[in-house]
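Working notes, beginning with the structure itself.
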2 protein chains.
Amino acid sequence: MTTTTDDLLSIGELSAETGLSAHTLRFYEQENLFLNEVSRDSVGRRVYRRADVLWLHLLTRLRDSGMPLADIARYADLVRAGAGNERQRLDLLREHREKMQAEMARLTASMEAVAQKITLYESALAEGKPEQPWQDDQGDCMVVPPPERSGRQQPPRYTGARQQHG
Amino acid sequence: MTTTTDDLLSIGELSAETGLSAHTLRFYEQENLFLNEVSRDSVGRRVYRRADVLWLHLLTRLRDSGMPLADIARYADLVRAGAGNERQRLDLLREHREKMQAEMARLTASMEAVAQKITLYESALAEGKPEQPWQDDQGDCMVVPPPERSGRQQPPRYTGARQQHG
DNA sequence: CTAGGAGCTCGAGTGGACTCGAAGGCAAGC
DNA sequence: GCTTGCCTTCGAGTCCACTCGAGCTCCTAG
């Protein structure tokens with residue numbers, strides 16, 4: 001019945017509140033991503049607290065902005081260790097922010113190149129030129145080549161809209 | 001010797017020019033991502049043309065902006081089909097651009113939430129408050145909860161700096 | 001003649017973050 | 001009693017874009 005006592009939550013309730021599937025919540029626990037041991041009721045079912053919801057909000061934000069679970073786990077470790085390491089936490093967050101800014105810049109650059117290509121197509125189509133200057137098999141309308149080497153990087157994937165639990 | 005005839009390239013040369021590993025280039029070919037069959041020399045080695053370099057620039061841009069290889073393959077199909085489907089190509093690119101814009105918005109939102117958290121930490125540290133208002137285990141300084149459900153989405157990964165062929 | 005390097009094919013492995021399914025426990029409602 | 005529904009554990013599968021290795025051929029330099 002997923003008892004709705006004010007501040008204790010079943011996994012189903014937490015799932016509903018966070019949008020994370022029950023499977024995912026168990027998985028996160030197993031990966032040590034919670035700030036405290038998840039307690040159990042008399043028959044072994046997980047019992048969560050309000051604070052967990054808040055933490056999962058932060059966690060989700062970090063994930064959504066591209067932080068790997070491993071890094072989030074390290075952050076959680078720091079918090080679990082208690083007061084005194086605030087500077088380290090801050091460093092971790094700052095580092096992440098920088099990576100994200102770089103990532104955004106990369107994305108923006110590629111998007112702009114693509115946008116330029118779109119513009120070329122648009123104007124060519126508008127002027128009714130059916131196939132002259134922008135034949136892709138000549139590649140000649142791709143103006144901006146990608147940045148030099150510096151190691152392959154993995155792009156985001158908007159794999160989007162994966163079904164959540166259901 | 002990877003003969004440097006003006007406009008014909010060995011796989012090694014193409015690799016050098018594009019920053020994609022030879023392995024990756026073979027993989028792309030197998031996935032039908034080239035605009036034309038890659039021809040072979042007398043002993044079966046791949047021979048590329050200048051136009052392939054240009055196309056790979058576009059391909060790389062599309063990848064880097066998050067387009068899945070499957071979609072790129074569809075685009076390549078259109079180009080291969082020759083003139084007459086320009087509108088479809090354009091649609092495909094536009095659709096991609098929209099997805100990317102959405103992705104950027106998502107990223108930006110999460111980044112801002114994290115940035116806010118950083119600010120909170122910073123000011124708390126600056127004022128020398130050692131542990132009062134921003135205890136993570138209370139979750140209470142995470143102001144902006146993530147957006148409502150609407151299906152889980154996969155974030156980018158800045159897995160960055162994968163070694164290229166070497 | 002030998003060594004080295006580039007290329008070939010095929011098939012398997014990797015990593016991250018889930019995602020799913022099987023096999024079972026327990027409580028409430030019909 | 002039986003069904004329904006939520007929960008448990010554990011292990012395996014999925015997806016994507018590579019990435020790697022083995023075992024081979026071929027050419028050139030020394």
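Just so we're on the same page: letters track the sequence lines, and every chain starts at 1.
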Measure from the side-chain heavy atoms of [X] and tell me the nearest of [options].
| X | options | value |
| --- | --- | --- |
| A:R40 | D:dT8, C:dG7, C:dT19 | D:dT8 |
| A:T24 | C:dC18, D:dG21, D:dT8 | C:dC18 |
| A:H23 | D:dT9, C:dA17, C:dG21 | C:dG21 |
| B:V43 | D:dT19, D:dT8, D:dC26 | D:dC26 |
| A:R46 | D:dT8, C:dT19, C:dC8 | D:dT8 |
| B:I11 | D:dC18, D:dT8, C:dC8 | C:dC8 |
| A:S10 | D:dT8, C:dG7, D:dC7 | D:dC7 |

Next on the checklist: Under 4.0 Å from OP1 or OP2 of D:dA17: is there any side-chain N or O of B:Y28 that close?
Outcome noted: no
Checklist entry - So, is B:R63 near the phosphate of D:dC18, with a side-chain N or O under 4.0 Å from OP1 or OP2? => result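 So the side chain of B:R63 is within the cut-off, an N or O lying under 4.0 Å from OP1 or OP2 of D:dC18.
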Within this structure, what is the [atom1]-to-[atom2] distance between [X] and [N], rounded to whole angstrom?
| X | N | atom1 | atom2 | value |
| --- | --- | --- | --- | --- |
| B:L25 | D:dC20 | CG | C1' | 16 Å |
| A:R26 | C:dC20 | CZ | P | 13 Å |
| B:F27 | C:dG11 | CZ | C1' | 14 Å |
| B:L14 | C:dC8 | CG | P | 11 Å |
| B:E13 | C:dA6 | CD | P | 12 Å |
| A:D64 | C:dC18 | CG | C1' | 14 Å |
| A:R45 | D:dC6 | CZ | P | 11 Å |
| A:Q30 | C:dG16 | CD | P | 15 Å |

Answer yes or no: is there a donor N or O on one side and an acceptor on the other, between the side chain of [X] and the main chain of [Y], under 3.5 Å?
| X | Y | result |
| --- | --- | --- |
| B:S110 | B:L107 | no |
| A:Q88 | A:E86 | no |
| A:E13 | A:S10 | yes |

Next on the checklist: Going by the rule ring pair (Phe, Tyr, Trp, His ring centres under 6.0 Å), which residues pair with A:F34 if we only count those two or more places apart in sequence or in a different chain?
Outcome noted: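 Counting only residues at least two positions away or on another chain, A:F34 forms a ring pair (Phe, Tyr, Trp, His ring centres under 6.0 Å) with A:Y48.
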Checklist entry - So how far off straight is the helix from C:dC1-D:dG30 to C:dC30-D:dG1, going by the axes through five pairs at either end, to 10°? => result 20°
Checklist entry - Below 4.0 angstrom, N of the basic side chain to O of the carboxylate: do B:E95 and B:K99 qualify? => result yes
Checklist entry - Under 6.0 Å from the CZ atom of A:R80, do we count more than 12 heavy atoms belonging to anything else shown? => result yes
Item to check | Pair A:L59-A:L33, side-chain contact (heavy atoms from CB on, under 4.5 Å): steps then yes or no | outcome: CA-CA 8 Å; A:L59 195 162; A:L33 293 170; 4.0 Å; yes
